[in-house]
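Can you keep this structure in mind? I'll have questions shortly.
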Amino acid sequence: MKDLSRRFSFTVISIIILVFLLKYSFNSWFQYVVVGVVAVLTGIAIWEYEQFAKAKGGRMILPFLMAMTMIEVVSFYLAARYPFLQSLPLIIFFIGFVVLFALHFGEKDGALVDLSVSSFGLLYIAVPMGMVLGILYFNGQDGRWWVAYLLAVTKITDIGAYFAGSLWGRRKLAPNISPGKTVEGALFGLVCAVFSSFAFHLMSDYTALAFHLGTVEWLCLGLVLGSIGQFGDLSESLLKRDANKKDSNALPGLGGVLDSIDSLLFNAPILYIYLNYIKS
(Lines give C-alpha, C1' and ligand atoms only; values in the text may rest on other atoms or scores of the structure.)
Protein backbone atom coordinates (compact mmCIF):
# COMPACT_ATOMS: atom_id res chain seq x y z
CA MET A 1 0.00 0.00 0.00
CA LYS A 2 2.89 2.33 0.80
CA ASP A 3 4.44 1.65 -2.61
CA LEU A 4 1.06 2.21 -4.26
CA SER A 5 0.66 5.56 -2.49
CA ARG A 6 4.11 6.68 -3.63
CA ARG A 7 3.40 5.62 -7.20
CA PHE A 8 0.12 7.50 -7.19
CA SER A 9 1.72 10.66 -5.75
CA PHE A 10 4.54 10.55 -8.28
CA THR A 11 2.08 10.00 -11.14
CA VAL A 12 -0.05 13.00 -10.14
CA ILE A 13 2.99 15.29 -9.77
CA SER A 14 4.43 14.06 -13.09
CA ILE A 15 1.16 14.72 -14.93
CA ILE A 16 1.01 18.29 -13.57
CA ILE A 17 4.60 18.98 -14.63
CA LEU A 18 4.12 17.39 -18.06
CA VAL A 19 0.94 19.36 -18.76
CA PHE A 20 2.75 22.58 -17.83
CA LEU A 21 5.76 21.77 -20.01
CA LEU A 22 3.62 20.81 -22.99
CA LYS A 23 1.33 23.82 -22.64
CA TYR A 24 4.22 26.28 -22.94
CA SER A 25 6.53 24.19 -25.13
CA PHE A 26 6.01 26.56 -28.09
CA ASN A 27 6.62 29.72 -26.09
CA SER A 28 9.43 31.75 -27.67
CA TRP A 29 11.79 31.17 -24.74
CA PHE A 30 10.19 28.41 -22.64
CA GLN A 31 10.71 25.89 -25.44
CA TYR A 32 14.41 25.99 -24.54
CA VAL A 33 13.49 25.05 -20.96
CA VAL A 34 11.57 22.04 -22.31
CA VAL A 35 14.53 20.99 -24.44
CA GLY A 36 16.83 21.46 -21.44
CA VAL A 37 14.62 19.35 -19.16
CA VAL A 38 14.54 16.49 -21.68
CA ALA A 39 18.31 16.72 -22.21
CA VAL A 40 19.07 16.71 -18.47
CA LEU A 41 16.72 13.77 -17.80
CA THR A 42 18.42 11.87 -20.61
CA GLY A 43 21.82 12.67 -19.13
CA ILE A 44 20.67 11.27 -15.76
CA ALA A 45 19.41 8.14 -17.50
CA ILE A 46 22.84 7.68 -19.10
CA TRP A 47 24.45 8.01 -15.67
CA GLU A 48 22.11 5.31 -14.33
CA TYR A 49 22.96 3.10 -17.30
CA GLU A 50 26.65 3.64 -16.56
CA GLN A 51 26.07 2.10 -13.12
CA PHE A 52 24.81 -1.06 -14.86
CA ALA A 53 27.86 -1.13 -17.12
CA LYS A 54 30.22 -0.57 -14.20
CA ALA A 55 28.65 -3.48 -12.32
CA LYS A 56 29.56 -5.74 -15.27
CA GLY A 57 33.10 -4.44 -15.62
CA GLY A 58 32.44 -1.97 -18.42
CA ARG A 59 34.13 1.42 -18.29
CA MET A 60 32.46 4.45 -19.84
CA ILE A 61 33.95 7.92 -20.19
CA LEU A 62 30.98 9.36 -18.34
CA PRO A 63 31.54 13.14 -18.75
CA PHE A 64 31.89 12.72 -22.51
CA LEU A 65 28.93 10.33 -22.77
CA MET A 66 26.65 12.65 -20.77
CA ALA A 67 27.67 15.66 -22.87
CA MET A 68 27.29 13.65 -26.08
CA THR A 69 23.87 12.44 -24.95
CA MET A 70 22.55 15.94 -24.30
CA ILE A 71 23.98 17.27 -27.59
CA GLU A 72 22.30 14.42 -29.47
CA VAL A 73 18.96 15.20 -27.83
CA VAL A 74 19.24 18.89 -28.71
CA SER A 75 20.16 17.99 -32.30
CA PHE A 76 16.75 16.36 -32.77
CA TYR A 77 15.09 19.58 -31.64
CA LEU A 78 17.15 21.62 -34.10
CA ALA A 79 16.45 19.16 -36.92
CA ALA A 80 12.71 19.37 -36.27
CA ARG A 81 12.61 23.16 -36.05
CA TYR A 82 14.90 23.87 -38.99
CA PRO A 83 14.43 21.58 -42.05
CA PHE A 84 17.91 22.33 -43.45
CA LEU A 85 19.34 20.64 -40.32
CA GLN A 86 17.39 17.41 -40.87
CA SER A 87 20.55 15.29 -41.00
CA LEU A 88 22.07 16.85 -37.87
CA PRO A 89 21.22 13.98 -35.42
CA LEU A 90 22.95 11.46 -37.70
CA ILE A 91 25.96 13.74 -38.16
CA ILE A 92 26.27 14.37 -34.40
CA PHE A 93 25.98 10.66 -33.65
CA PHE A 94 28.69 9.82 -36.19
CA ILE A 95 31.04 12.51 -34.88
CA GLY A 96 30.47 11.29 -31.32
CA PHE A 97 31.14 7.73 -32.44
CA VAL A 98 34.47 8.76 -34.03
CA VAL A 99 35.53 10.77 -30.97
CA LEU A 100 34.56 7.86 -28.73
CA PHE A 101 36.97 5.62 -30.64
CA ALA A 102 39.71 8.24 -30.43
CA LEU A 103 39.30 8.52 -26.65
CA HIS A 104 39.98 4.79 -26.34
CA PHE A 105 43.14 4.72 -28.47
CA GLY A 106 45.24 4.71 -25.31
CA GLU A 107 43.62 1.53 -23.98
CA LYS A 108 45.46 -1.74 -24.21
CA ASP A 109 42.72 -3.97 -22.86
CA GLY A 110 38.95 -3.71 -22.64
CA ALA A 111 38.40 -1.32 -25.55
CA LEU A 112 35.95 -3.66 -27.27
CA VAL A 113 33.69 -3.94 -24.22
CA ASP A 114 33.98 -0.25 -23.29
CA LEU A 115 33.16 0.95 -26.80
CA SER A 116 30.27 -1.48 -27.06
CA VAL A 117 28.55 -0.44 -23.83
CA SER A 118 29.11 3.27 -24.59
CA SER A 119 27.76 3.06 -28.15
CA PHE A 120 24.80 0.99 -27.04
CA GLY A 121 23.98 3.53 -24.32
CA LEU A 122 23.81 6.35 -26.87
CA LEU A 123 21.66 4.31 -29.24
CA TYR A 124 19.43 2.91 -26.49
CA ILE A 125 18.81 6.14 -24.54
CA ALA A 126 19.97 9.31 -26.30
CA VAL A 127 18.46 8.70 -29.74
CA PRO A 128 14.93 7.71 -28.57
CA MET A 129 14.75 10.64 -26.12
CA GLY A 130 15.83 12.98 -28.88
CA MET A 131 13.00 11.55 -30.98
CA VAL A 132 10.51 12.69 -28.33
CA LEU A 133 11.54 16.27 -29.17
CA GLY A 134 11.43 15.34 -32.83
CA ILE A 135 7.77 14.38 -32.36
CA LEU A 136 6.97 17.49 -30.34
CA TYR A 137 8.33 19.84 -33.00
CA PHE A 138 8.15 17.60 -36.07
CA ASN A 139 8.51 19.49 -39.36
CA GLY A 140 8.00 22.77 -37.50
CA GLN A 141 4.44 21.76 -36.63
CA ASP A 142 2.68 21.58 -33.27
CA GLY A 143 3.20 18.02 -32.05
CA ARG A 144 1.98 18.51 -28.48
CA TRP A 145 -1.03 16.24 -28.91
CA TRP A 146 1.15 13.54 -30.45
CA VAL A 147 3.50 13.67 -27.46
CA ALA A 148 0.50 13.59 -25.11
CA TYR A 149 -0.78 10.58 -27.05
CA LEU A 150 2.60 8.81 -26.86
CA LEU A 151 2.97 9.41 -23.12
CA ALA A 152 -0.65 8.53 -22.32
CA VAL A 153 -0.72 5.23 -24.23
CA THR A 154 2.70 4.22 -22.92
CA LYS A 155 2.02 5.02 -19.26
CA ILE A 156 -1.57 3.73 -19.21
CA THR A 157 -0.21 0.44 -20.53
CA ASP A 158 2.31 0.32 -17.66
CA ILE A 159 -0.29 1.24 -15.04
CA GLY A 160 -2.87 -1.22 -16.37
CA ALA A 161 -0.33 -4.04 -16.49
CA TYR A 162 0.86 -3.26 -12.96
CA PHE A 163 -2.59 -3.20 -11.37
CA ALA A 164 -3.99 -6.18 -13.28
CA GLY A 165 -0.86 -8.19 -12.55
CA SER A 166 -1.10 -7.33 -8.84
CA LEU A 167 -4.79 -8.23 -8.63
CA TRP A 168 -5.27 -11.12 -11.03
CA GLY A 169 -1.81 -12.18 -12.17
CA ARG A 170 -1.16 -15.93 -12.07
CA ARG A 171 1.14 -16.89 -14.94
CA LYS A 172 4.61 -15.35 -14.95
CA LEU A 173 5.53 -13.48 -18.13
CA ALA A 174 9.34 -13.52 -17.81
CA PRO A 175 10.22 -14.98 -14.37
CA ASN A 176 13.98 -14.94 -14.96
CA ILE A 177 14.21 -11.19 -15.50
CA SER A 178 11.02 -9.71 -13.98
CA PRO A 179 9.25 -12.06 -11.53
CA GLY A 180 6.48 -9.54 -10.80
CA LYS A 181 5.21 -9.30 -14.38
CA THR A 182 2.43 -11.62 -15.45
CA VAL A 183 0.74 -12.69 -18.68
CA GLU A 184 -2.60 -11.43 -17.34
CA GLY A 185 -1.08 -8.05 -16.54
CA ALA A 186 0.51 -7.78 -19.98
CA LEU A 187 -2.77 -8.58 -21.75
CA PHE A 188 -4.71 -6.08 -19.65
CA GLY A 189 -2.02 -3.47 -20.31
CA LEU A 190 -2.46 -4.06 -24.03
CA VAL A 191 -6.24 -3.61 -23.69
CA CYS A 192 -5.64 -0.35 -21.81
CA ALA A 193 -3.35 0.85 -24.62
CA VAL A 194 -6.01 0.18 -27.25
CA PHE A 195 -8.74 1.90 -25.21
CA SER A 196 -6.58 4.96 -24.53
CA SER A 197 -5.72 5.13 -28.23
CA PHE A 198 -9.45 4.96 -29.03
CA ALA A 199 -10.11 7.81 -26.57
CA PHE A 200 -7.65 10.02 -28.47
CA HIS A 201 -9.34 9.02 -31.72
CA LEU A 202 -12.69 10.21 -30.32
CA MET A 203 -11.14 13.48 -29.17
CA SER A 204 -9.60 14.08 -32.57
CA ASP A 205 -12.94 13.41 -34.30
CA TYR A 206 -15.25 15.42 -32.07
CA THR A 207 -13.10 18.34 -30.93
CA ALA A 208 -11.29 21.07 -32.82
CA LEU A 209 -7.80 19.74 -32.18
CA ALA A 210 -4.80 20.20 -34.46
CA PHE A 211 -4.44 16.44 -34.24
CA HIS A 212 -6.10 13.62 -36.14
CA LEU A 213 -6.04 9.90 -35.40
CA GLY A 214 -7.94 7.85 -37.95
CA THR A 215 -9.76 4.54 -37.39
CA VAL A 216 -6.96 2.33 -38.67
CA GLU A 217 -4.36 4.49 -36.92
CA TRP A 218 -5.80 4.30 -33.41
CA LEU A 219 -6.17 0.53 -33.60
CA CYS A 220 -2.79 -0.25 -35.15
CA LEU A 221 -0.83 2.26 -33.08
CA GLY A 222 -2.63 1.20 -29.90
CA LEU A 223 -1.73 -2.45 -30.48
CA VAL A 224 1.87 -1.73 -31.52
CA LEU A 225 2.65 0.78 -28.76
CA GLY A 226 0.90 -1.36 -26.14
CA SER A 227 3.03 -4.37 -27.12
CA ILE A 228 6.39 -2.76 -27.82
CA GLY A 229 6.21 -0.55 -24.73
CA GLN A 230 5.99 -3.63 -22.53
CA PHE A 231 8.87 -5.15 -24.46
CA GLY A 232 10.87 -2.03 -23.59
CA ASP A 233 10.01 -2.47 -19.93
CA LEU A 234 11.21 -6.07 -19.99
CA SER A 235 14.36 -5.06 -21.87
CA GLU A 236 15.42 -2.66 -19.14
CA SER A 237 14.61 -5.34 -16.56
CA LEU A 238 17.01 -7.63 -18.43
CA LEU A 239 19.81 -5.07 -18.08
CA LYS A 240 19.04 -4.52 -14.38
CA ARG A 241 19.00 -8.20 -13.55
CA ASP A 242 22.28 -8.80 -15.36
CA ALA A 243 23.81 -5.94 -13.37
CA ASN A 244 22.16 -7.26 -10.19
CA LYS A 245 20.21 -4.01 -9.67
CA LYS A 246 16.62 -3.77 -8.44
CA ASP A 247 16.10 -0.21 -9.70
CA SER A 248 18.14 2.15 -11.86
CA ASN A 249 18.24 4.67 -8.99
CA ALA A 250 16.86 5.09 -5.47
CA LEU A 251 14.38 7.94 -5.87
CA PRO A 252 11.36 7.46 -3.55
CA GLY A 253 8.29 6.19 -5.40
CA LEU A 254 10.16 6.32 -8.70
CA GLY A 255 13.19 4.06 -8.71
CA GLY A 256 15.07 5.97 -11.36
CA VAL A 257 14.72 8.00 -14.52
CA LEU A 258 15.61 4.98 -16.65
CA ASP A 259 12.91 2.96 -14.87
CA SER A 260 10.37 5.66 -15.79
CA ILE A 261 11.29 5.97 -19.46
CA ASP A 262 12.10 2.32 -20.31
CA SER A 263 8.85 1.80 -22.26
CA LEU A 264 9.16 5.21 -23.88
CA LEU A 265 12.61 4.34 -25.26
CA PHE A 266 10.99 1.71 -27.50
CA ASN A 267 7.74 3.53 -28.30
CA ALA A 268 9.18 6.94 -29.21
CA PRO A 269 11.09 5.62 -32.28
CA ILE A 270 7.93 3.89 -33.54
CA LEU A 271 5.82 7.05 -33.43
CA TYR A 272 8.70 9.19 -34.73
CA ILE A 273 9.18 6.93 -37.76
CA TYR A 274 5.43 6.75 -38.32
CA LEU A 275 4.95 10.53 -38.30
CA ASN A 276 8.01 11.35 -40.37
CA TYR A 277 8.09 8.54 -42.92
CA ILE A 278 4.64 6.90 -43.08
CA LYS A 279 1.91 9.38 -42.15
CA SER A 280 3.56 12.31 -43.91
Side-chain angles (χ1 to χ4, degrees), residues 25 29 31-54 56-141 143 147 150 232 235-236 239 248 257-258 261-262 264-278 280:
S25 58
W29 65 268
Q31 59 184 299
Y32 302 117
V33 175
V34 174
V35 173
V37 167
V38 175
V40 169
L41 287 175
T42 309
I44 294 171
I46 278 286
W47 173 78
E48 293 173 351
Y49 167 77
E50 190 262 351
Q51 304 306 301
F52 297 170
K54 190 186 295 184
K56 298 301 294 182
R59 292 173 296 174
M60 294 168 57
I61 304 174
L62 190 58
F64 171 76
L65 260 295
M66 290 185 73
M68 187 65 218
T69 292
M70 290 188 275
I71 292 170
E72 180 70 13
V73 168
V74 173
S75 75
F76 273 92
Y77 162 75
L78 294 173
R81 293 295 274 172
Y82 308 104
F84 67 92
L85 294 175
Q86 194 170 14
S87 299
L88 186 61
L90 183 60
I91 294 170
I92 293 295
F93 188 89
F94 178 72
I95 292 172
F97 193 62
V98 171
V99 173
L100 193 60
F101 261 91
L103 291 174
H104 285 82
F105 281 171
E107 281 190 34
K108 222 175 176 184
D109 300 305
L112 180 61
V113 173
D114 297 346
L115 282 167
S116 297
V117 295
S118 298
S119 303
F120 175 72
L122 286 174
L123 192 61
Y124 173 51
I125 299 170
V127 172
M129 288 301 286
M131 287 178 174
V132 173
L133 291 177
I135 294 168
L136 180 59
Y137 299 103
F138 80 99
N139 294 332
Q141 301 175 40
V147 171
L150 171 67
S235 298
E236 197 237 352
L239 299 180
S248 63
V257 172
L258 196 52
I261 65 172
D262 50 11
L264 193 63
L265 296 178
F266 278 61
N267 276 349
I270 291 172
L271 190 58
Y272 179 86
I273 292 168
Y274 175 73
L275 291 175
N276 284 276
Y277 301 104
I278 300 175
S280 60

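The figures here come from the full heavy-atom set of this structure, side chains too, leaving out hydrogens, waters and symmetry mates.
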For Ala53 against Met60, the heavy-atom pair lying closest together: CB-SD, 3.8 Å
Atom pair CG (Leu133) and OG1 (Thr42), whose distance is rounded to the nearest 0.5 Å: 7.5 Å
Side-chain heavy-atom pair Leu136, Val34 within 4.5 angstrom cut-off: yes
Interatomic distance, Ile91 atom CD1 to Leu85 atom CG [nearest 0.5 angstrom]: 8.5 Å
Minimum-distance pair of heavy atoms, taken over all atoms of Ala126 and Thr69: CB-CG2, 3.8 Å
Parallel, tilted or perpendicular, as decided by the 30° and 60° cut-offs, for the rings of Tyr272 and Tyr277: perpendicular
Sub-4.5 Å side-chain heavy-atom contact between Val37 and Val33: yes
Euclidean distance, Ile135 CD1 relative to Asn276 CG, rounded to 0.5 Å: 8.0 Å
Phe64 atom CZ, over 12 foreign heavy atoms within 6.0 Å: yes
Exceeds 12 heavy-atom contacts within 6.0 angstrom, atom CD of Gln86: no
Leu275 CG to Ile270 CD1 distance, which is reported to the nearest 0.5 Å: 12.0 Å
Residue list, side chain to side chain donor-acceptor pair (under 3.5 Å) with Lys56, at least two apart or on another chain: Asp242
Side-chain heavy atoms of Leu88 within contact of Tyr82, under 4.5 Å: no
Heavy-atom side-chain proximity of Phe120 to Leu239 below 4.5 angstrom: yes
Residue pair Val127 / Phe76, side-chain heavy-atom distance below 4.5 Å: yes
Test salt bridge (Lys or Arg N to Asp or Glu O under 4.0 Å) applied to Glu72 - qualifying residues, sequence neighbours left out: none
Side chains of Ser119 and Leu100 in contact at under 4.5 Å (non-hydrogen atoms): yes
Separation of Leu271 CG from Met131 CE (nearest 0.5 Å): 11.0 Å
Main-chain N/O of Ser25 paired to Tyr137 side chain as donor or acceptor, under 3.5 Å: yes
Ring geometry between Phe93 and Phe97 (parallel below 30°, tilted from 30 to 60°, perpendicular above 60°): parallel
Any residue meeting salt bridge (Lys or Arg N to Asp or Glu O under 4.0 Å) with Arg81, in chain and number order, not counting sequence neighbours: none
Residues Tyr124, Glu236; criterion side chain to side chain contact (heavy atoms under 4.5 Å, CB included); working and verdict: CA-CA 10 Å; Tyr124 173 51; Glu236 197 237 352; 3.5 Å; yes
Gap separating the CG atom of Leu122 from the CD1 atom of Ile92, nearest 0.5 angstrom: 12.0 Å
Verdict with reasoning, Met129 to Leu265, per side chain to side chain contact (heavy atoms under 4.5 Å, CB included): CA-CA 7 Å; Met129 288 301 286; Leu265 296 178; 3.9 Å; yes
Side chain to side chain, Leu62 and Ile46, heavy atoms closer than 4.5 Å: yes
Least distance between heavy atoms, Ala268 atom then Pro128 atom: CB-O, 3.6 Å
